[in-house]
Amino acid sequence: MAAATYTDARRLAAFNQLNAVRQGAGAGLLAQSTALDTSALDHANYLTVNGYNSADSAHDETSGLADFSGANPFVRMQNAGYDYSYATEVIGDIGSSSASSDCVGDLLDTVYHAASMLSRVTDVGFGFGSGAAAGMCTIDMASPLNGGGSKQIPPSGAIVAYPYSGATVAHGTFHVSNESPRVSTALLPNATAGTPVVVGFRNQDVVAGGTVAITQWAIANAAGTTLPSIVIAGPGVSGSGVSADAELASDFAVLVPVSPLAAGTYTVTLHATISGGQALALTTWSFTVAAQ
């Protein structure tokens, strides 16, 4: 894969950071797309000038306002010259004026945005705000219309998982109330919870028609104590104790500890089956929450 050509240090760092996570998680590397760079930066400029409430969603734009480049992400990508088979957009650190904001890291410490960032996309583009919106980033991700659908499929028995085995995350707090859409208050009533563990099951077995059933999913601290958690899943994943969530992509599921995680090492145990496929290769793994 060709190296990114960003001369902007922030976009280069964001590109490298996201690819490092995707490689560790088993999601596959992304290529820089100048067309997606254009659509992402155009929207970042629009949000910088007009704010985040100028349309029904922060992903949308209102015609006639300054820097309008398309009503929604999909129109903007096509206007920039990218014809996609699958596409998604995430926007992070809205309202942050800090140019040193860890926008990619903050987006990965979520449920729905993290699943998008670990999805079957092949190409990516980045845009950052300026001035009072200097910390805000827009990330456009997609797979091309021709030849994109068959890529980023893990082999039989494999999954995508983040935090991945051996990963270190900066902190153990998921700011539930800051993510839009928000996880149901019936499941996570507090404003904060623990680091979400995001798993994508879309491997060769699922693509071939297999269905996913989770039989056990838990997280334990270094003392071996299992932590209270909830599990939500897209419509392609079932299991006892699994709460259906239509906001998640079909073959993603997320375990969320109900309380923030203290610094230390945590072990995840996942037992799941995919009909017609091999046993999952990754069933137990550990990650670390850094000392604050």
Legend entry - Qualifying residues under side chain to side chain donor-acceptor pair (under 3.5 Å), relative to Tyr112, sequence neighbours excluded: Asp245

Legend entry - Parallel, tilted or perpendicular: rings of Tyr46 and His43 (30°, 60°): parallel

Inset, instruction - Without swapping roles, check the side chain of Gln23 against the backbone of Gly28 for a donor-acceptor pair under 3.5 Å. - result: no

Legend entry - Cation over ring face, Arg120 and Tyr86, 6.0 Å, 45°: yes

Inset, instruction - Taking all heavy atoms of Val160 and all of Gly26, pick out the closest pair and write down the distance. - result: CG2-O, 3.5 Å

Inset, instruction - Tell me yes or no: between the side chains of Thr265 and Ser286, is some donor less than 3.5 Å from an acceptor? - result: no

Legend entry - Closest heavy-atom pair and its distance - Glu61, Asp67: OE1-O, 3.9 Å

Inset, instruction - Start with the C-alpha distance between Ser275 and Thr211, add both sets of side-chain angles, then the distance that settles side chain to side chain donor-acceptor pair (under 3.5 Å), and finish with yes or no. - result: CA-CA 5 Å; Ser275 60; Thr211 57; 3.2 Å; yes

Inset, instruction - Check whether any side-chain heavy atom of Val254 lies under 4.5 Å from a side-chain heavy atom of Val197, and answer yes or no. - result: no

Inset, instruction - Look up atom OG in Ser143 and atom NZ in Lys151, then write down how far apart they are to the nearest 0.5 Å. - result: 8.5 Å

Inset, instruction - Determine, for Phe128 and Arg10, whether the Lys NZ or Arg CZ falls below 6.0 Å from the six-membered ring centre while staying within 45 degrees of the axis. - result: yes

Legend entry - ILVMFWY cluster, Ile94 and Phe126 together (side-chain gap under 4.5 Å): no

Legend entry - Donor-acceptor contact below 3.5 Å, side chain Asp205 vs main chain Ile274: no

Inset, instruction - Tell me, with the steps shown, if Leu270 and Thr284 meet side chain to side chain contact (heavy atoms under 4.5 Å, CB included). - result: CA-CA 6 Å; Leu270 170 64; Thr284 301; over 6 Å; no

Legend entry - For Met77, the rest of its hydrophobic cluster, which grows through side-chain links under 4.5 angstrom: Leu36, Phe74, Tyr82, Tyr84

Legend entry - Close side-chain approach of Val207 to Asn203, heavy-atom, < 4.5 Å: no

Legend entry - Side-chain touch Thr185/Arg182, heavy atoms, less than 4.5 angstrom: yes

Inset, instruction - Taking the side chain as every heavy atom from C-beta outward, state whether Leu261 and Pro257 have any pair of such atoms under 4.5 Å apart. - result: yes

Inset, instruction - Mark yes or no for whether Asn79, through its side chain, and Ser69, through its backbone, hold a donor-acceptor pair below 3.5 Å. - result: yes

Inset, instruction - Determine whether the side chains of Ser98 and Ser100 contain a donor N or O and an acceptor N or O closer than 3.5 Å. - result: yes

Inset, instruction - Indicate the atoms forming the closest heavy-atom contact of Ala161 with Trp285, along with that distance. - result: CB-CZ2, 3.9 Å

Inset, instruction - Can you sort out the partners of Ser97 under side chain to side chain donor-acceptor pair (under 3.5 Å), two or more places apart, ordered by chain and number? - result: none

Legend entry - Common cluster, Leu47/Val104, ILVMFWY with side-chain heavy-atom separation under 4.5 Å: no

Legend entry - Non-hydrogen atoms of Ala55 and Thr62 that approach each other most closely: CB-OG1, 3.7 Å

Inset, instruction - Could you tell me whether the side chain of Arg202 reaches within less than 4.5 Å of the side chain of Phe252, counting heavy atoms only? - result: no

Legend entry - Polar side chain donor-acceptor pair, Gln17 to Asp102, under 3.5 angstrom: yes

Legend entry - Which atom of Ala66 lies closest to which atom of Val49, heavy atoms considered: CB-CG1, 3.8 Å

Inset, instruction - Consider only side-chain N and O atoms of Thr288 and Thr168, and report whether a donor and an acceptor are under 3.5 Å apart. - result: no

Legend entry - Side-chain donor-acceptor contact under 3.5 Å, Asp37 with Gln32: yes

Legend entry - Whether Thr225 side chain and Asn221 backbone form a donor-acceptor pair below 3.5 Å: no

Legend entry - Non-hydrogen side-chain atoms of Arg22 and Val121 separated by less than 4.5 Å: yes

Legend entry - Student check: side-chain heavy atoms of Ile159 and Pro154 closer than 4.5 Å: no

Legend entry - Where Val237 and Phe201 come nearest, the two heavy atoms and their spacing: CG2-CD1, 4.0 Å

Legend entry - Backbone N/O of Ser177 and side chain of His175: donor-acceptor pair under 3.5 Å: no

Inset, instruction - Please tell me if the side chains of Leu255 and Val268 come closer than 4.5 Å, counting only heavy atoms from C-beta onward. - result: no

Legend entry - Approximate separation, where rounding is to 0.5 Å, of Ser130 OG and Met136 CE: 8.0 Å

Inset, instruction - Answer yes or no: is there a donor N or O on one side and an acceptor on the other, between the side chain of Ser33 and the main chain of Asp123, under 3.5 Å? - result: no

